[in-house]
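We name chains A, B, ... by the order of the sequence lines, and we start the count at 1 in each one.
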Number of protein chains: 2
Amino acid sequence: MAPNPSPIRLQTRAVVRSLLAQTAMQLFAEKGFDETTVDEVAAAAGVSRRTLFNYFRTKEDLALSGLSEQGEVIAIRLADRPGDEDVWVSLRYAFEVLDEIEASPENRLEIVSMLFDNDSLRAGHAEKQARWTDLLAPLIEPRLPASESRGFEAKAIVGAAITCLQAATEEWLRVRGSTPLFDLYDTAVAAIQKSN
Amino acid sequence: MAPNPSPIRLQTRAVVRSLLAQTAMQLFAEKGFDETTVDEVAAAAGVSRRTLFNYFRTKEDLALSGLSEQGEVIAIRLADRPGDEDVWVSLRYAFEVLDEIEASPENRLEIVSMLFDNDSLRAGHAEKQARWTDLLAPLIEPRLPASESRGFEAKAIVGAAITCLQAATEEWLRVRGSTPLFDLYDTAVAAIQKSN
DNA sequence: GCACCGTCATGCACTTAGTGCAAGATGCTT
DNA sequence: AAGCATCTTGCACTAAGTGCATGACGGTGC
C-alpha cells in the first residue's frame with residue numbers, strides 16, 4: 001500500500017492542507033458556513049473541487065480539522081506534566097494551551113460563534129473534542145490507582161474534563177467573552193466535584 | 001401563522017412521525033444506516049420522499065428522533081425526585097428510565113452499535129444527548145446553593161453526568177453488554193468525583 | 001348537495017455534498 | 001531520457017435536502 005509515503009510528500013501535503021483550511025475558514029467567517037459552497041472554497045484556494053475532497057473528507061472537516069491538531073498539542077502538553085500531579089490539575093494545564101494556540105481574541109469569538117451556529121457543525125465540534133479522550137486518557141490512566149476498570153475510569157475523567165471545557169466555552173460564548181474561559185472552566189470543575 | 005395547529009392534527013402527526021421513525025430504524029438495523037437511502041425508507045413506509053422530509057429535517061433525525069423524546073422522559077422523572085435529594089442521585093434515578101424505555105435488550109446492543117458506527121450519527125447522538133442538558137439543568141439549578149453562577153454550575157453538573165452516561169454506553173458497547181450499563185455509570189461517576 | 005377553507009401529500013426541478021474512475025500533469029530516481 | 005509513483009483534474013453519477021405548484025382530503029357553512 002504505502003510502505004514509504006515519502007517524508008517530503010507528507011510535509012507538503014500538510015502545508016497544502018493547512019492553507020486550504022485557512023482559505024475555507026476565511027470564507028466561512030465572511031459568509032457563514034452554510035452559505036459557502038465547497039466550490040467557492042476550491043475556487044478561492046485555486047484548486048479543483050475534486051482536489052479539495054482529496055485533502056478533506058467532508059466540508060465539515062474544513063472547519064474542524066484544527067480541532068484534531070489541538071487535541072494532539074494538548075496531549076503533548078499533558079505528557080509533560082509530572083506524573084504525581086493531580087490529574088485534574090494536569091488536565092487544566094494541558095487545556096490552557098488553547099489560550100496560546102487560538103487565533104487573535106477577536107477572531108476567536110467569531111470562530112466559536114460559527115461553530116455553534118450550525119447544527120452538524122456543533123455536533124462535529126463536540127465529537128472531535130470528545131475524541132480527544134482517546135488521546136488523553138492513556139496518558140492519565142497510569143496515574144490512577146490500580147483497578148480492573150482503570151482504563152475506563154481514565155476515560156470518564158478526561159471526558160468529564162472536556163465536558164467542563166465545552167460547558168465553559170458555551171457559557172463564554174453566551175457572555176460574549178466577558179469572563180475568561182478558564183475562570184468558567186474552574187467554576188465548572190468545582191461544581192461537578194463538590195460532594196454536595 | 002399557526003394560531004390553532006388543531007389538537008387532533010398534532011396527534012396524528014406525532015403518530016405518523018413515530019411510525020416513520022420505526023420503519024426507518026427497521027431498515028437501518030437490517031442494512032445499516034449508510035447503506036439505506038431515504039427513498040427506500042419512504043417506499044417502505046408507503047409515503048413519498050418529499051413527505052418523509054416533511055416529518056424529519058434530515059435522514060439523521062430519522063435515527064435520532066427517539067433521543068429527544070428520551071430526554072423529555074428523563075426530565076419528567078427528574079422533576080419527580082425530592083428536592084432535597086443529592087443531585088447526582090436524582091440524575092441517576094432519572095437516567096435509569098432508559099432501562100425501561102429502550103427496546104428489548106438484544107435490539108439495544110444492535111441499535112447502539114449502529115449509532116456508533118457512523119461518524120455523523122455518533123456526533124448527532126452525542127449532540128442530542130448534550131441537549132438534554134437544556135432540559136435537565138433548569139430542574140436541578142434550584143437545588144444548588146445560591147450563587148451568581150448557579151445556572152452555569154447546573155449545566156456543568158448535568159453535562160458531566162451525561163458524559164458519564166455516554167462513557168458508560170461506549171464501554172458497555174465495547175464489552176458487548178457483559179456489564180450492566182448502570183454499573184459502568186456508577187464507576188464513571190465515582191471516578192470523576194474522587195478527590196484523588 | 002355544493003362551494004369554501006386550510007392542511008397535507010406529492011411530483012418535479014434544482015442545488016449541493018460526496019464518490020469512482022480514468023486521463024494527464026508533475027517531479028523524483030536511475 | 002525513460003520509468004515510476006503521486007497529485008491534480010474533469011466527468012459522470014448517487015444521494016441528501018429545498019422550493020414551488022398542484023391536487024387530494026376532510027370538515028364548515030349554506
Side-chain angles (χ1 to χ4, degrees), chain A residues 1-21 23-25 27-28 31-65 117-124 127, chain B residues 1-21 23-25 27-28 31-65 117-124 127:
Chain A
M1 300 300 166
N4 248 358
S6 158
I8 202 87
R9 294 282 188 186
L10 284 180
Q11 215 168 342
T12 35
R13 183 169 179 88
V15 172
V16 172
R17 216 183 117 93
S18 169
L19 261 324
L20 292 175
T23 313
M25 285 305 278
L27 287 183
F28 291 161
K31 315 181 37 182
F33 182 76
D34 285 327
E35 290 71 31
T36 307
T37 69
V38 174
D39 295 79
E40 288 174 307
V41 175
V47 299
S48 75
R49 162 201 186 65
R50 200 61 188 77
T51 296
L52 198 53
F53 277 117
N54 215 310
Y55 282 89
F56 296 90
R57 269 178 43 261
T58 67
K59 179 184 179 186
E60 237 182 63
D61 270 7
L62 275 168
L64 300 179
S65 70
D117 248 4
N118 175 276
D119 271 0
S120 77
L121 216 46
R122 191 173 55 238
E127 237 290 292
Chain B
M1 300 301 163
N4 248 0
S6 160
I8 201 89
R9 294 282 187 186
L10 284 181
Q11 214 168 342
T12 34
R13 184 171 178 86
V15 171
V16 172
R17 217 183 114 92
S18 169
L19 262 324
L20 292 176
T23 313
M25 285 305 279
L27 287 184
F28 291 159
K31 316 181 34 181
F33 182 76
D34 286 326
E35 291 70 29
T36 307
T37 70
V38 173
D39 295 76
E40 288 174 308
V41 176
V47 299
S48 76
R49 160 202 187 67
R50 199 64 189 77
T51 296
L52 198 52
F53 277 117
N54 217 310
Y55 282 89
F56 295 90
R57 270 179 42 261
T58 65
K59 178 184 177 184
E60 237 181 64
D61 270 6
L62 275 169
L64 300 179
S65 70
D117 248 5
N118 176 275
D119 271 359
S120 77
L121 215 45
R122 191 174 54 238
E127 236 295 288

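- Rounded to whole Å, atom C1' of D:dT8 lies 17 Å from atom CZ of A:Arg17.
- Closest to the side chain of B:Ser48, out of C:dG18, C:dG11, D:dT6, is C:dG11.
- Without hydrogens or angle criteria, A:Thr23 side chain to A:Leu19 main chain gives a donor-acceptor distance under 3.5 Å.
- At a cut-off of 3.5 angstrom, the base of C:dA9 holds no donor-acceptor pair with the side chain of B:Arg49.
- At a threshold of 4.5 Å between non-hydrogen side-chain atoms, the residues B:Leu52 and B:Leu62 count as touching.
- Computed from coordinates, the A:Phe56 CZ to C:dT19 P distance equals 14 Å when rounded to whole Å.
- Residue A:Asp34 contributes atom CG, which lies 10 Å from atom P of D:dT18 at whole-angstrom precision.
- Taking all atoms of both residues into account, the shortest heavy-atom contact from A:Thr36 to A:Lys59 is O-NZ, 2.7 Å.
- Looking at heavy-atom distances under 4.0 Å, B:Thr12 makes no contact with the nucleic acid at all.
- Proximity of A:Asn54 to A:Arg13: side-chain heavy atoms (C-beta onward) are separated by under 4.5 Å at one or more points.
- Distance A:Leu52 CG to C:dA17 C1': 11 Å, rounded to the nearest Å.
- Summarising the geometry, the separation between CZ on A:Arg57 and P on C:dT19 is reported as 8 Å, rounded to the nearest angstrom.
- With D:dA16, C:dA17, D:dT9 as the choices, the nucleotide that has an atom nearest any side-chain atom of A:Asp39 turns out to be C:dA17.
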- Message: What verdict does the side chain to side chain contact (heavy atoms under 4.5 Å, CB included) test give for B:Val41 and B:Phe28, after you've listed the backbone C-alpha separation in whole Å, the side-chain angles of each residue and the deciding distance to 0.1 Å?
- Response: CA-CA 9 Å; B:Val41 176; B:Phe28 291 159; 4.2 Å; yes
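- When the nucleotides C:dT16, C:dT19, D:dA16 are ranked by their closest atom to the side chain of B:Thr37, D:dA16 comes out on top.
- The base of C:dG20 sits with one of its N or O atoms less than 3.5 Å from a complementary donor or acceptor on the side chain of A:Arg50.
- Between A:Leu10 atom CG and D:dC7 atom C1' the separation is 13 Å, expressed in whole Å.
- The distance between atom OH of B:Tyr55 and atom C1' of C:dT10, rounded to the nearest whole Å, is 13 Å.
- Regarding B:Asn118, its CG atom lies at a distance of 14 Å from the C1' atom of C:dG18, rounded to whole Å.
- The side chain of B:Thr51 places an N or O atom within less than 4.0 Å of a non-bridging phosphate oxygen (OP1 or OP2) of C:dT10.
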